[in-house]
Each structure stands twice: as structure tokens, then as C-alpha cells.
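What's counted below: heavy atoms across the whole structure, side chains too, no hydrogens, waters or symmetry copies. Naming: A, B, ... by sequence-line order, numbering from 1 per chain.
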Amino acid sequence: MLYWWMMKRFNPNELDAKWQKIWHDEKRYTALHDASKQKMYVSGMFPYPSGSGLHSGHAFSYTIVDTLARFYRAHDYSVLNPMGWDTFGLPAENYAIKTGTAPAVVTAQNIANFKKQFKRMGVSIDWSREINTSDPEYYKWTQWVFTELFKRDLAYQKESMQWWCPVDKTVLANEQVEGGKCWRCGNEVEKKSMKQWFFKITDYADALLEEIPGLDWPDKIKTAQTNWIGKSEGAEIQFTVEGIDDSITVFSTRPDTLFGATFLVLAPEHPLVTKLTNDETSAAVEAYVKESVKKPEIERAAEGKDKTGVFTGSYAVNPANGEKVQIWVADYVLGGYGTGAVMAVPAHDERDYAFAQKFDLPIIEVVKKPQDETSVCYHGEGVLQNSYQFDGMSSAQAREEIVAWLEQRAVGSAKTTYKMRDWLISRQRYWGAPIPIIHCDEHGAVPVPEDQLPVVLPEIEDYAPKGDGRSALASVEDWVNTTCPTCGGTAKRETDTMDGYACSSWYLLRYTDPQNHELAWSPDIANYWSPVDYYVGGDHAVAHLLYVRFWSHVFNDMGLLDKKEPVKKLVYHGYVNAEDGRKMSKSLGNVIDPLDIIDQGYGADTLRTYVLFMGPIELDSAWSSQGVGGVYRFLNRAWTLTQEYFDADKTDEQLPAELESLRHRTIKKVTGDYRSLGFNTAIASLMEYVNELYKYKTNGFTNGWQVHLETLVQLLAPFAPHMTAELWEQLGNTEPLDTAAWPTWDEALTKTATITLAVQVNGKLRATIELPADVSEEDATDAALAHEHVQKFTQDSSPKKIVFIPGRLLNIVI
RNA sequence: GCGCGGGUGGUGGAAUUGGUAGACACGAGGGACUUAAAAUCCCUUGGCUUUACGGCUGUGCGGGUUCAAGUCCCGCCCCGCGCACCA
């Protein structure tokens, strides 16, 4: 007789502790550079270790990563599953300003906490490769990359307009300006020209664009990146201005509509604006410019179709037809895109049309509308008219011919522009990697030589930015004052630090060779592991993922990496929302702490399996406490079943062939699902397998159960590594489960002897019949026609047609 | 406005890519065990209808193609995300 208290009870917390200690002590998950094996590099987007610890999004992301790591380890891949910390950033700096605690100190505490919590999730990480972006050993190489970019003219300094709050005495990001006012103090902000550092990502616009179609990334992200780069092909066309020597260059993607350009519009920021005004117009234009320059771009855009603008009083000449056209200033033209000036073709552009309507400007149709076209403003392709020698030409052909004609006369040329701007990387903040530049009166900006790197962040007392728009570093005189590496004369260090995104643009390479003191990485080692096979995250669709690609392309050009693209497969998962379906947030009080789930006694296996069972990984999901309970019940059933097997008196009786067939089908299905990241359906199949085994249990246990239980344990292991490690050992295995060969299936055995054939009459299901799997169409038809439910519908009429899908269905058409 | 996803029971979601819609799980209902509860185990569970066998209906809405449509085509309506006056 078997009593429940005689069995080893399922105690997840005990198992978690036991196995986590073994994995740690035996350094089970050290990644080995083993050229004889296939490599598998998986990584999540490394976390910013905040003070509040792991949240459910982390649990989700890193469970996906870890599950893949464990799955491929069981397939004898050499697996790299690293972890690091993205530690530069505002929260630590603000905390430091408030409390005076050094950011490095707070960061170290948060890392320790994160690491402890990650370990409790049972992640199989190679901790010997841990990196931290604010560690001088790390940012030394971030700075080195900067100097390399500088040497290649890919890092440069440029004066550019920034938002400036005169009260807070700091620059603000565009997003921090609300209605022309500072988000902090509510005072009006100004535009101030400041010298900033940029990375020339625009040099790589085409290269980055070209590789996008070949990436195994979600279309969502690929189109986001394509749009962000925003390539458009067109022409630059010069319009001479009456009365002055300057000409105005416009950019247009539709040079075929040049003859319909009835006025020009300049952005308020356009440098020629003041030159074009006269005594009558200057006051109005000046006021307009002042007003619109103050508005954040976001607000200018939000005002949508309601066009505003002023006439400058000047005229330009359309180079196509010699017509005199008015020059206007309007904020719907953006200063930072193209040339900051457009030729307005109101007949074929909705914005120009709205503007022309409002200010009563001429409209000339130069592209014939198709007959069924009803819109007033047709912006499609067509046949040209009112365009002299180009009349009758298609707009596509006219685009080329008109540009050629303009080029001949030196008043225009083909031109490609991009929406993407260069990457502004300087920050007037303390807590970042110092930009490794020394400013010398004689030699200008000089990069810090490699042997003097890293430029270490000095320890200071007051972390607050200086009032003049410089970081707190500017006050550290003995740090700022240095000598020029070129001439040895007195010089000053750059006091801006780098955007945190710089540090995260190459960490995936540092993981491959984290202890290298001579190089950022050794190309041999990086080439073995690169690219990342699975990169998992749910954020940073554009910025980070574009920057990583940019740097990777540069490294490829530098000969430091033999691949251009850093990430083979991007796994972009959804958000984990609260039970109420809303975003988790402290203020709503609906936050689920993954560590609480573990502590409540569910353990890490339940947490891990649950987050993957919630639904397809790419979808947002809502947390369900009851769902967690369901997964726990499933694991508990698998555990209990195995314990009952151990304690039972076993016979040598043969198990039915169907059960063996189910085992093979389950291996096939689950293995395929792991590969295609269909974790939710993999878990469902394992649940079915367990449910089925419970049915067989009523006949008692046999020795044949061993293989079923081992299969179950192995298939479940990547999701629930602790419990399965224990069961694997209990089943008598001495080799660790981590590296035990993954179960294989025999295709022939996945087939069953009989099949359930669906019988339809005229496409409607009327019966299902059990038949031998290899039944012929004739036999199946006979069996179907003999069925009473089928006969009710076929009556006496003979079938017109029989559609037979072997193994699936038979449709009788009458 | 443009681009990319999506709409399936009370809920999360399955569906071999055109072939038995609702796998698996939650919830709910019923039963077993228990003095009782919890835990566990078993059964039922889209709706309507039928004593039952069964029948009708059903994947956002309206059409279409097909022996057969959640899946393909055309036209709409909603929801989410990204970009957004980019010339």
C-alpha cells in the first residue's frame, strides 16, 4: 500500500537551492571556445540594474534566453549565455545628486541584488563573463572605439541648436519641452547653439538599409528601421532669387512636377530668410520666425493640416519655365530635412495644396489625373501636361529627363536624402563614459592615445551639472587641465560624457572576450561566436538596434569582425501586463514581482514555465495568478507520477504501441516548437503527454515506463531545469541532464495504426470513422457510404464526386 | 494620414498553412476521497435544440472563389504598435 507521505513530495524551493548550488559550484555553464562544435550565442538585452530589482519583463526575457541556452546545450552546441549590466544613466546620477552617494556605489549594490535574483531564476549563465559598462576596464574600450571613429572621421564636433532652459541652466531634449516651456520649472525655453559630438551614422545609411531585407528579424522592426533611415531619392534644384545673388536650393522627390511649382517655401530656420525680407515684410516675418522656432518639432507637427506662414516679399524664378514665384516662410517645412526649402506644387501635394488654398496662391496641374481619380490633389503617377517639351511623358520618365535637363544647365542634380540624422552622443552629465578628447589651442580636438586610456571618471562630491551647460566634470580642475598629447602644451579635457547607447553598441562583442586587457576583443574569438544567434528583448526597436548594427558595420570595415550584421535572429517579445490588462506600475499597485512567485513556494520552474505558457512570445500578455497555479499543478503531476513509478511494484508487461507512438509524436512536436520558439504549444504537448500517462497509470506501472519518464524529463528540462535535474538523477542517470543527448524520434513510429477519418457530405461533417491508417480511397468510400449518419444525407443519390485526403477526410459531393 | 500586427468560447490561447474549429490551460458545474475544509483524482463545459441518436448555428461585418474558408480574394468596421507636415 502506498501512502502520500511515503513519497518524496514536490518541494520546489528545496530543489531550486540544491541545484543552483551544484550548477554554481561545478561552473556548469562556462562557455567554451570549441571549434569542433557548433556554437550557439544567445543573449537578452542586458538590463539596467535599477534599485527595484527584477520585474516580470526581465523574468520573461531571460527565461526565453535561458530556455534556448539549455535546449541547445542538450544538442551538444557550445553555448554562450552571458550577462552584463548597462549601468550608466540618469537614475543613478539623480540619486547621487540627491543623496551624495557615488553612482558607482549604488550601482554595485543594485548589481549584487540583480545577480542574486537572476540566480534564483535558475538561469544557466556563464558568470565569468559578467561585464559592467561603468567599469573603467569596460569603458576604456568604449573610449577606444570613440577614438577609432574619430580617426576615421566618423566622430566629429558640430555646432547645433539645442533647447536651453535659462532657469535650470541646462540643455533639454526635445521631449522635455512642453508647449515651449521647461518640463521641470515651467519657464520658457530658448534655442541655444552648442557644440556637440556626433557619430556619422549617416555614412552608413545605405549599408544599413541594404542588409535589412536579409535579417531574420520581425517585419515590425525591419520596417521601423527602414522608415527611420527614411531614404528618399529625388533632386536638388536651384531657384535664383530676384534682386540678390543667392539662389535657393530645394529638394524634391518629384522633379517631374517642377513645372507646377508655383511658389517656394522656406523653413523658419533657413539662413536666407532675413535677406529676403523688405521694409514692409520684415517685422511680420521676424515675428513668425521667432514664434515658430520656439515651438518644439513635436508641436509643430501636431498642429497638422492647419497651415501658417508669411510672404517674404521676394520672388524666385522657376528654372523650368522662367516663371516668377513668391517665396514664403512656413513652419510646415522643416529646417533639418533636405535643404530646409521646398518648391511647392499645390496641384500634386496635399500640404502645398492646403497652403495655396489658404493664401490664394496659383495652382497648375502638370500630371493628368486618371479618369476615375476624384481627389482634388492628385499625388500619384501620370502623364505630364503644361510642361512644354515634357508633355505626354510618364511621370517616371519625366523625373529622369527633367533632372538630366537641369543637370545639363547646371541648375539641379539628382540627390538622395535620408531622414536619419547623425547620432548626437555628447551628454552634459557626470555618469557616463568621458569622451576621450583633449582640446588644445594649437591642435584642436586631439584623441587621447590608446596607452592613456581609460580616461577615468574622477570621484567628486557634487554631481549636479554646472549652470553653464557643462557637466559636473567641468569643475574638476586637476582633471580638466592636462597636456596636449601632440605638443605637450597645456590643454583641457572634454567634459561631456557619451550617451549610454554607445556603451551598449558593442557589449555583445565584449562578452566573447571579456577579460582581454590588450584589445577590445580578439577578432578570432569574436568571429567564432558572432553573430548573436538569438537576441532577445522587447524594447529598443530603433535606436539601440540600429546603433549596434552601425558599430558592427564599422568594425567590419576596420577588419575587426568578419560579419557585418551583429544579430542573426532577433526575438522581439511582448509586454507582460498586470492581471487587469493594464501596464504594471507602482502607482496602480498591480505589480507582480517574479521573486515573490518563487518565494510563495511555486519555485523557479513554475515561474519559468508559466511565463512561456502565457501565450506566443511576441504577443503582450496579462499575468494570471490562476494560470500560475495551473502550471504548478502540471509540474506537480509530472513529479508525483514519477514518484509513484518509483514506489510501485512494476511488471514486465508490454506497453501498448499507441503510447510509444505518442512518445515519438511528442518528441517531434516539442522539439520543433523549441526551434520555432512556440514554447506555449510545446508546454501544451507535454501537458497532453502527462495527461495521457495518467490514463495508462490506472493499469499499473511497468518497467517500460522508464523511457517515457526520461523522455518527459528531458523535454521539460529547458523550462523546468531544477525539478527535472532531480528527477533525472532519481531515474538513475549519472550523466548530468544538461548535456544528456536530446531524445530522438522515429518518423515511422509517429504514425498510428488507425486514423480517425472525417466524413463530410457536401463539405459538412456527418461522421467520423476509425480506419486503418493506410486505407485506400475505395475502402474509405465504402465505409463512409455504409455509415448511417452519412446515408441520411446521401439518400439514394450516387456521389458526383469524392474528395479523399488520406489520413484526414473524405468529402462526398452529391 | 502612412506602415506593420491583430480581431476565434466566460478568459489566456490552439488549429498540420485550404481539410473534423475551440488543443492545452484558467474559470465554472458535478462527482470521489475527508468528520469537515484544503490538497488530490475523475467527469462535463461555444450557443440553441433533442428523452436519446442527432440536428441547426458559430472564428469582427458584408460579398466572392472552392468539393471544402478561421486560413485565399474584394469591400468595410474596430483594436494595438511604430512613424508622422520628410517635400
**Q** Answer with base, sugar-phosphate or nothing: what part of the nucleic acid does K792(A) contact at a heavy-atom distance below 4.0 Å?
**A**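 Touches sugar-phosphate only.
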**Q** Identify, between K220(A) and F251(A), the residue whose nearest nucleotide on RNA chain B lies closer to the 5' end.
**A**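 That would be K220(A).
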**Q** Has R608(A) got a side-chain atom pairing as donor or acceptor with T63(A)'s backbone, closer than 3.5 angstrom?
**A**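 Answer holds: no.
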**Q** Mind checking R665(A) for me? I need base, sugar-phosphate or nothing, with any heavy atom below 4.0 Å counting as a touch.
**A**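 Since no nucleic acid heavy atom lies under 4.0 Å of R665(A), the category is nothing.
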**Q** Quick one: does T754(A)'s side chain have a donor or acceptor within less than 3.5 Å of a partner on P772(A)'s backbone?
**A**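 Such a contact is absent between T754(A) side chain and P772(A) backbone.
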**Q** For V342(A), which contact category applies under a 4.0 Å heavy-atom criterion: base, sugar-phosphate, or nothing?
**A**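 Base, at least one base heavy atom under 4.0 Å.
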**Q** C67(B), C56(B), A25(B): which one has an atom nearest the side-chain heavy atoms of F793(A)?
**A**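 Shortest atom-to-atom distance from the side chain points to C56(B).
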**Q** State, yes or no, whether a side-chain contact exists between P218(A) and E618(A) at a heavy-atom distance under 4.5 Å.
**A**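 No; the side chains remain at least 4.5 Å from each other.
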**Q** Taking only the P atom of each, what is the distance from A52(B) to U45(B) in whole angstrom?
**A**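 Straight-line distance between the two P atoms is 14 Å.
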**Q** What does the 5'-to-3' dot-bracket notation of RNA chain B look like when only Watson-Crick and G-U wobble pairs under 3.5 Å count, and pairs to other strands show as |?
**A** (((((((..(((......[....)))((((((.......))))))((((....))))..(((((..]....))))))))))))....
**Q** By the 4.0 Å heavy-atom rule, please label K801(A) as base, sugar-phosphate, or nothing.
**A**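 Base: the residue K801(A), judged by heavy atoms under 4.0 Å, touches a nucleobase.
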**Q** What contact category does K800(A) fall into here, base, sugar-phosphate, or nothing, at under 4.0 angstrom with non-hydrogen atoms?
**A**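 Since no nucleic acid heavy atom lies under 4.0 Å of K800(A), the category is nothing.
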**Q** Which is true for G630(A) with a 4.0 Å heavy-atom rule: it touches a base, it touches only sugar-phosphate, or it touches nothing?
**A**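 Sugar-phosphate, backbone atoms only, no base.
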**Q** For the pair E233(A) and K415(A), find out whether any cationic side-chain nitrogen is under 4.0 Å from an anionic carboxylate oxygen.
**A**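 No.
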**Q** How does protein reach along nucleotides 14-22 of chain B, written 5' to 3' as B (base within reach of a heavy atom under 4.0 Å), S (only sugar-phosphate), or - (no contact)?
**A** S-B--BB--
**Q** Could you label the plane-to-plane angle of the F355(A) and W328(A) rings as parallel, tilted or perpendicular, counting under 30° as parallel and over 60° as perpendicular?
**A**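 Ring orientation, 0 to 90° scale: perpendicular.
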**Q** Do L612(A) and I683(A) have side chains that get closer than 4.5 Å, going by heavy atoms?
**A**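 Counting from C-beta outward, L612(A) and I683(A) do come under 4.5 Å.
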